[in-house]
Structures are given as C-alpha cells and as structure tokens.
Amino acid sequence: MFCDTHAHLDDEQFDATRADVIQRAWDAGVTAIVTVGITADSSAANVRLAQEFPALFGAVGIQPNYVTQASAGDWDRIIALAAQPRVVALGETGLDRYWDFAPLEVQRDYFDRHLRLAQERDLPVVIHMRDCAEDVLQMLREARQRGPLRGVMHSFTGDAETAHQCVDIGLHVSFAGMVTFKKSQALRDVARTIPGDRIVIETDSPYLAPEPRRGRQPNEPAWLVHTAARLAEVCGMDLASFADRTSANAARLFRLPKR
C-alpha cells in the first residue's frame with residue numbers, strides 16, 4: 001500500500017473524473033491521499049472531499065503565491081477548518097522567491113501564522129520552498145526554538161545539506177515525480193541520503209507527472225507507483241518494502257488511522 005502525501009484533488013481538472021481518479025488510485029494500491037488546500041476556498045473543498053471519500057485526508061492552508069488574494073476572513077476560515085474531522089495537516093504554506101506573486105514579507109507573515117497554529121494544534125505543516133532555502137530554514141529554526149515542530153518538505157528539490165537541516169529540525173522530506181526525470185540524478189542522490197524514517201512520497205497531482213507518464217496531464221495519485229519504484233531502486237530496496245516504509249512514515253507523520 002502507498003500513501004500519496006500531497007495532491008490537489010479539488011482541482012477543476014478532476015471535476016469530471018474525480019471519483020474514477022480516486023478509484024484508480026485505490027486499485028493501484030494508493031490507499032491514503034492527503035489532498036491539500038492552497039486558498040481558504042480550496043481548503044474547504046478538500047475538507048469536503050476528505051469527508052466524502054474514505055481514502056482522503058485534508059490539509060488546509062494558504063499557499064505563498066496566493067497570500068495577497070486572501071480576504072480579511074480567510075485566515076479565520078483556515079483556523080476553523082483545521083478543527084474539522086479528517087484534517088491532518090496545515091498547509092500548503094512556505095515561501096517562494098521564484099514567482100513574483102506576493103511580497104516576501106506577506107509570505108513570511110502567513111508562513112509564521114501556519115507554523116504557530118501547527119504548533120498550537122499539534123498538527124504537521126506542509127511546506128513549499130522554491131528558491132528560498134535559507135529564508136525557510138531561518139523561520140523553521142525560529143519555530144523550533146518555540147517548541148516541537150512536525151511537518152514535511154513538499155516536493156523537495158533542494159540539496160542534501162538543506163534536506164538534512166530540515167530533518168534535524170524534525171521534518172520529513174517528500175519527493176514527487178521530478179525525481180524520476182532523466183536529468184534529476186542530483187535529486188536522486190539527495191533522496192538516497194534521507195534517513196529511512198523521514199522519507200515520504202507524493203504526486204502533487206495534477207502537476208509533475210512522473211516518467212513514464214511525463215507530459216500527460218493531469219497527473220493523478222495512481223501514478224505514485226512510478227515515483228515509488230524509481231526511489232526504491234535508488235534506495236536499494238524492493239518496491240513492497242519501500243511502500244511499507246514510506247506509508248508507515250506518512251501514517252506516523254499525519255497520525256492516520258490504521259487500516
């Protein structure tokens with residue numbers, strides 16, 4: 001069995017096929033999926049999906065590229081949604097210097113809100129980091145000084161030093177379809193160094209389809225098996241053992257119910 005630790009199943013690309021997509025995931029052995037919000041509205045939609053489909057669990061938050069679109073009451077909605085049944089994490093949150101959709105100070109404000117709420121509620125936080133490793137690490141270190149911190153570096157593409165600093169802070173590291181790309185040997189080398197109890201996997205559906213599905217959209221959770229197979233090879237494990245390991249890690253991180 002596999003756990004897809006990050007998908008966006010509320011995305012409109014799934015509107016006509018959502019139930020079939022979830023069934024195909026189940027048939028492929030992907031029996032748990034964390035579906036992740038990027039705005040207050042999408043967070044609410046993902047909570048509804050998690051309460052409708054037994055394989056789904058919700059994460060609620062405002063992604064850094066959307067923080068300037070948040071209205072006055074949206075953060076209060078996230079706080080309320082975090083208490084809903086089947087919500088297992090806060091996020092997607094973090095920082096992004098690649099896109100210029102939101103001033104960094106506004107991103108920092110919302111990242112800090114997520115981190116503090118996660119620590120208050122004892123929830124893991126789902127962290128987006130693009131071209132801003134030191135900025136993110138600084139805020140994570142500050143949060144860790146306040147108390148324990150649980151979470152996952154979503155779709156990690158950084159270097160080994162950054163990954164191990166995240167692990168030292170207490171976080172898991174998640175790899176998506178990019179780790180299967182031919183050009184991604186450096187990322188596979190990083191994945192090989194992650195402690196066995198801290199590695200998890202994701203699709204980031206509908207984005208980042210893995211080889212051999214690359215270029216076909218939308219990506220979907222059933223295709224997680226391709227990423228898992230490549231990483232199992234990289235880590236010198238058989239696929240079943242790697243599936244068991246990463247699923248156990250995800251279940252512990254998100255405190256998923258036993259099946």
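Just so it is clear, the structure is predicted and the values come from calculations on it, not from any experiment. Values below: all heavy atoms of this structure, side chains included; hydrogens, waters and symmetry mates excluded. Along the sequence shown, residues are numbered consecutively beginning with 1.
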Please say yes or no: joined through hydrophobic side-chain contacts below 4.5 Å, possibly via intermediate residues, are Met153 and Val125 part of one cluster? yes
Who are the side-chain hydrogen bond (donor to acceptor under 3.5 Å, both in side chains) partners of Asp4, not counting sequence neighbours? Thr203
Taking atom types as modelled and ignoring hydrogens, do the side chains of His6 and Glu92 form a donor-acceptor contact shorter than 3.5 angstrom? yes
Inspect the contact between Asp197 and Arg245 and indicate whether a charged nitrogen and a carboxylate oxygen are less than 4.0 angstrom apart. no
Let me see the working for Ile62 and His114 under side chain to side chain contact (heavy atoms under 4.5 Å, CB included), right down to the final yes or no. CA-CA 9 Å; Ile62 302 175; His114 286 81; 4.3 Å; yes
Between the side chains of Ser241 and Asp244, is a donor N or O closer than 3.5 angstrom to an acceptor N or O? no
Applying side chain to side chain contact (heavy atoms under 4.5 Å, CB included) to Leu49 and Glu52, what does each step give before you reach the verdict? CA-CA 5 Å; Leu49 290 173; Glu52 177 181 358; 4.3 Å; yes
Please report the shortest heavy-atom distance between Gln69 and Asn65, naming the atom on each side. NE2-O, 4.4 Å
Tell me yes or no: between the side chains of Asn249 and His172, is some donor less than 3.5 Å from an acceptor? no
Quick one: do the His128 and Thr93 side chains pair a donor with an acceptor below 3.5 Å? no
Under the salt bridge (Lys or Arg N to Asp or Glu O under 4.0 Å) rule, what do Asp112 and Arg108 come out as? Steps first, then yes or no, please. CA-CA 6 Å; Asp112 183 65; Arg108 285 194 178 109; over 6 Å; no
With a 3.5 Å cut-off and no angle check, do the side chains of Asp20 and Thr17 form a donor-acceptor pair? no
Between CZ of Arg18 and CG of Asp10, what distance do you get to the nearest 0.5 Å? 7.0 Å
May I ask whether Ile199 and Val190 are part of the same hydrophobic cluster, defined by side-chain heavy atoms of I, L, V, M, F, W, Y residues being less than 4.5 angstrom apart, directly or through others? yes
Would you call Arg255 and Asp122 a salt bridge, using N to O less than 4.0 angstrom? yes
May I ask you to decide if Cys235's main-chain N or O and Arg192's side chain share a donor-acceptor pair within less than 3.5 Å? no
All heavy atoms of Arg150 vs all of Arg252, minimum pair found to be NH1-O, 4.3 Å
Least distance between heavy atoms, Pro206 atom then Pro218 atom: CB-CB, 3.4 Å
Strictly by modelled atom types, are Thr162 and Asp159 linked by a side-chain donor-acceptor pair under 3.5 Å? yes
Is there a path of hydrophobic side-chain contacts, each under 4.5 Å between heavy atoms of I/L/V/M/F/W/Y residues, joining Phe2 to Leu56? yes
Walk me through it: do Phe181 and Leu187 pass the test side chain to side chain contact (heavy atoms under 4.5 Å, CB included)? CA-CA 10 Å; Phe181 298 172; Leu187 187 57; over 6 Å; no
Would you mind reporting whether Gln138 and Asp135 have side-chain heavy atoms less than 4.5 Å apart? no
Give a yes-or-no answer on whether the side chains of Ser174 and Thr5 include a donor-acceptor pair shorter than 3.5 Å. yes
Salt bridge flag under 4.0 Å for residues Asp74 and Arg77: yes
Between Glu211 and Lys182 (salt bridge meaning N to carboxylate O under 4.0 Å), is one present in this structure? no
Sub-3.5 Å donor-acceptor pair from the side chain of Arg24 to the main-chain atoms of Ala222, do we have one? no
Should the pair Arg113 and Tyr110 be classed as cation-pi, given the thresholds of under 6.0 Å to the six-membered ring centre and 45° from the axis? yes
Might you confirm whether atom CE of Met1 has over 12 heavy atoms from other residues, nucleotides or ligands at distances under 6.0 Å? no
Do Arg198 and Val173 have side chains that approach each other closer than 4.5 Å (heavy atoms only, starting at C-beta)? no
Is there a side-chain contact between Phe111 and Val67, using heavy atoms and a 4.5 Å cut-off? no
Would you sort out whether Ser205 and Phe14 count as a side chain to side chain contact (heavy atoms under 4.5 Å, CB included), showing the intermediate values? CA-CA 10 Å; Ser205 303; Phe14 295 123; 4.0 Å; yes
Least distance between heavy atoms, Phe175 atom then Thr227 atom: O-CG2, 4.0 Å
Determine yes or no for a side-chain-to-main-chain donor-acceptor pair under 3.5 angstrom, with Gln63 supplying the side chain and Gly91 the backbone. no
Any donor-acceptor N/O pair, Gln119 side chain to Ala143 backbone, under 3.5 Å: yes
With heavy-atom distances below 4.5 Å as the criterion, would you say the side chains of Asn219 and Pro210 are in contact? yes
Would you say that Ile78 contacts Ser43 through its side chain, given a criterion of any heavy-atom pair below 4.5 Å between the two side chains? yes
Would you mind checking if Glu134 and Arg141 are paired as a salt bridge, meaning a charged N to carboxylate O distance below 4.0 Å? yes
Can Val47 be reached from Val34 by stepping across I, L, V, M, F, W or Y side chains whose heavy atoms are under 4.5 Å apart? no
Under 3.5 Å side-chain donor-acceptor pair for Thr35 and Asn46: yes
For Thr180 and His226: C-alpha separation, side-chain torsions, deciding distance, then whether side-chain hydrogen bond (donor to acceptor under 3.5 Å, both in side chains) applies. CA-CA 8 Å; Thr180 69; His226 300 297; over 6 Å; no
Can Phe254 be reached from Leu149 by stepping across I, L, V, M, F, W or Y side chains whose heavy atoms are under 4.5 Å apart? no
Is Asp100 atom CG crowded by more than 12 heavy atoms from other residues, nucleotides or ligands, each under 6.0 Å away? no
So, for Leu256 and Ala32, which heavy atoms are closest and what is the spacing to 0.1 Å? CD1-CB, 4.2 Å
With distance as the sole test, does Arg97 use its side chain to make a donor-acceptor pair with the main-chain N or O of Cys132 at under 3.5 Å? no
Compare every heavy atom of Ala176 with every heavy atom of Leu208, then report the nearest pair and how far apart it is. CD1-CB, 4.2 Å
